[in-house]
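Only one structure is covered here, and it is reproduced in the block below.
Computed from a predicted structure; not experimentally measured.
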Amino acid sequence: MAKKPRELQPIDAYLEELKNPAARKTLEALRMQLRKLLPGAVETISYQMPTFKVDGKAVAGFAFFKTHCGYFPFSGSVVPALKEQLDGYATSKSGVTFPPDKPLPAKLVKTLVQARLAEIAASGKKPPAKKKALITERVTDSAVKDATGRDWKGWMRALDAAGAGELNHKQLVAHLAREVESSWWQQSIAVAYEQSRGKRIVGETATTGFQVGVVRTLPVSAQDMWKRVAAQPERWLGTGATLTLEPGAGYEVPKRRGVPGVRGEVRVVKPGQRIRMTWQPDGWKRPATLQLTLVPKARGVSFHVHMEKLPDAKAREAMREHWSRVLEDLA
């Protein structure tokens, strides 16, 4: 019985299609070297080129372009930092090009890989973002007293005595408007009171609840990224997702092991720019609002993800981690 032909992996298929024998030989050798330098790395295709990823982050990629080969560290800093070692090669901020019959020296490839790994390691050691301060920590007692006649403790006592703990935000602001003329101070005192009495957590707003934003600048044009978002919804919505980019269209992402299903409805579509939709995973009582925005940059696109009306602080942090991973994968 004849054996079924082995299905080609993405990089195998890429190399098989190369018509230039010198380029194929050079890139096959480069691939083998990267395998030795990056044991356990995931081999895939990203930006239409063979790519090695470690812990979800692209470390090295290569490609053939008609007359020359290219090596790409997926960083705008690695190549400039190795300017002296790359003297004599054609370089750009993002990569190195070389003739198919003149491969990059193994020592140089190792240096490029190590530089990228060091960069990734350093980025993971950044100190955590400073926690937002409460309003009472950002605005001094003297400032609030000069503007409204009471310091923070005075306002807390006065509002407690007035039964403000039973008021919602709108009612609390209306109460303050009887004594405070400035709408800014009305809102500030209301939020300060809610924070001090545990009715509001830093990061929660009165109108949109808990919200979170994630932004990444990606080395691809806004037009190409929009096509990717529109044609490959499973890459950002989840495996098995289908999506019609029309206002009113519903969508659903199937549940997988350890990952809840998600459903929602498209609300706003501005081709090439923005999508606004609802997002409701299994277990959430109410849907959140999800907005994706693409902002063209000189060398790529700034991809903004913003969510509002999240159920709680735990969900906010979970969504921050989720969308950070999604944008990393889209790169």
Nearest 0.5 Å, what's the CG-CG distance between Asp224 and Leu218? 12.0 Å

Mark yes or no for whether Arg24, through its side chain, and Leu18, through its backbone, hold a donor-acceptor pair below 3.5 Å. yes

Does Val144 offer a backbone N or O that forms a donor-acceptor pair with the side chain of Trp185 under 3.5 Å? no

Leu294 backbone acceptor or donor facing Gln273 side chain under 3.5 Å: no

Shortest non-hydrogen contact from Gly95 toward Pro73: CA-CD, 4.2 Å

Take Val78 and Leu112, measure what side chain to side chain contact (heavy atoms under 4.5 Å, CB included) needs, and give me the verdict at the end. CA-CA 7 Å; Val78 169; Leu112 286 161; 4.1 Å; yes

Considering residues, nucleotides and ligands other than Gln232, do more than 12 of their heavy atoms fall under 6.0 Å from its CD? yes

From Thr278 OG1 over to Tyr251 OH, what is the distance, rounded to the nearest 0.5 angstrom? 5.5 Å

Within the 4.5 Å heavy-atom criterion, are Leu104 and Leu30 side-chain neighbours or not? no

Taking all heavy atoms of Val215 and all of Ser302, pick out the closest pair and write down the distance. CG1-OG, 3.5 Å

List the residues meeting side-chain contact (heavy atoms from CB on, under 4.5 Å) with Asp101, not counting sequence neighbours, and say none if there are none. Pro99

Taking the side chain as every heavy atom from C-beta outward, state whether Phe72 and Val96 have any atom pair closer than 4.5 Å. no

Do Leu237 and Val262 have side chains that get closer than 4.5 Å, going by heavy atoms? no

Please list all pairs meeting salt bridge (Lys or Arg N to Asp or Glu O under 4.0 Å) that have one or both residues in residues 105-120, counting only residues at least two apart or in different chains. Arg116-Glu119

Spacing of CD1 belonging to Ile189 relative to OG1 belonging to Thr136, to within rounding of 0.5 Å: 12.0 Å

Is a side-chain N or O of Asp282 found less than 3.5 angstrom from the main chain of Gly261, in a donor-acceptor match? yes

Within the 4.5 Å heavy-atom criterion, are Val212 and Leu310 side-chain neighbours or not? yes

Answer yes or no: is there a side-chain heavy-atom contact under 4.5 Å between Ser324 and Arg216? yes

May I have the step-by-step check of salt bridge (charged side-chain N to carboxylate O under 4.0 Å, His left out) for Arg320 and Glu317, ending in yes or no? CA-CA 5 Å; Arg320 188 195 308 279; Glu317 293 311 308; 3.2 Å; yes

Under a 4.5 Å side-chain heavy-atom rule over Ile, Leu, Val, Met, Phe, Trp and Tyr, are Val59 and Ile45 clustered together? yes

Can you classify the ring geometry of Phe62 versus Tyr14 as parallel (below 30°), tilted (30 to 60°) or perpendicular (above 60°)? perpendicular

Looking only at heavy atoms, what is the nearest atom pair of Ser188 and Trp152, with distance? O-CH2, 4.3 Å

Between Val180 and Trp155, does a side chain to side chain contact (heavy atoms under 4.5 Å, CB included) hold up when you go through it step by step? CA-CA 11 Å; Val180 180; Trp155 274 115; 3.7 Å; yes

Rounded to the nearest 0.5 angstrom, the OG1-CG distance for Thr140 and Asp151 is 10.5 Å

Closest heavy-atom pair, Arg235 versus Val326, reported as atoms and distance to 0.1 Å, is O-CG1, 4.0 Å

Would a single hydrophobic cluster contain both Phe65 and Val220, if residues Ile, Leu, Val, Met, Phe, Trp and Tyr are joined by side-chain heavy-atom contacts under 4.5 Å? yes

Between CZ on residue Phe303 and CG on residue Leu327, distance to nearest 0.5 Å: 5.5 Å

Correct closest heavy-atom pair for Ala241 and Pro254 would be N-CD, 4.2 Å

Under 6.0 Å between the ring centres of Trp323 and His304? no

Could you check whether Trp279 and Thr289, counting side-chain N and O atoms only, form a donor-acceptor pair closer than 3.5 Å? no

Determine, step by step, whether Arg157 and Asp160 satisfy the side chain to side chain contact (heavy atoms under 4.5 Å, CB included) criterion, reporting the C-alpha distance in whole Å, the side-chain angles of both residues, the deciding distance to 0.1 Å, and the verdict. CA-CA 5 Å; Arg157 289 194 295 268; Asp160 280 339; 5.8 Å; no

Rounding to 0.5 Å, atoms CZ (Phe74) and OG (Ser46) come to a distance of 5.0 Å

Measure the shortest side-chain to side-chain distance between Val268 and Ile275 over non-hydrogen atoms and say whether it is less than 4.5 angstrom. no

May I have the step-by-step check of side chain to side chain contact (heavy atoms under 4.5 Å, CB included) for Leu108 and Tyr89, ending in yes or no? CA-CA 11 Å; Leu108 181 55; Tyr89 289 96; 3.8 Å; yes

Heavy-atom donor-acceptor pair, Thr244 side chain to Glu246 backbone, under 3.5 Å: no

Does a side-chain heavy-atom distance below 4.5 Å link Val54 with Ile120? no

Count I, L, V, M, F, W, Y as connected when their side-chain heavy atoms are under 4.5 Å apart, and connections chain through other members. Are Tyr193 and Val173 then in the same cluster? no

State whether a side-chain donor-acceptor pair under 3.5 Å links Gln291 with Arg274. yes

Side-chain heavy atoms of Lys83 within contact of Pro80, under 4.5 Å: no

Output every pair passing salt bridge (Lys or Arg N to Asp or Glu O under 4.0 Å) with a member in residues 25-37, not counting sequence neighbours, ordered by first then second residue. Asp12-Arg31, Arg31-Glu43, Arg35-Glu43

Is Gln114 reaching over with its side chain to a backbone N or O of Thr111, donor-acceptor style, under 3.5 angstrom? no

Does the pair Arg276/Glu308 count as a salt bridge with the N-to-O cut at 4.0 Å? yes

Quick test of your reading of the model: are Arg150 and Glu179 salt-bridged, counting only N-O distances below 4.0 Å? yes

Search all heavy atoms of Arg299 against all heavy atoms of Lys93 and return the closest pair with its distance. NH1-CD, 3.2 Å

Does any N or O in the side chain of Thr26 come within less than 3.5 Å of the main-chain N or O of Ala23, such that one atom is a donor and the other an acceptor? no

Main chain of Trp284, side chain of Gln280: is a donor-acceptor contact present, judged purely on distance under 3.5 Å? yes

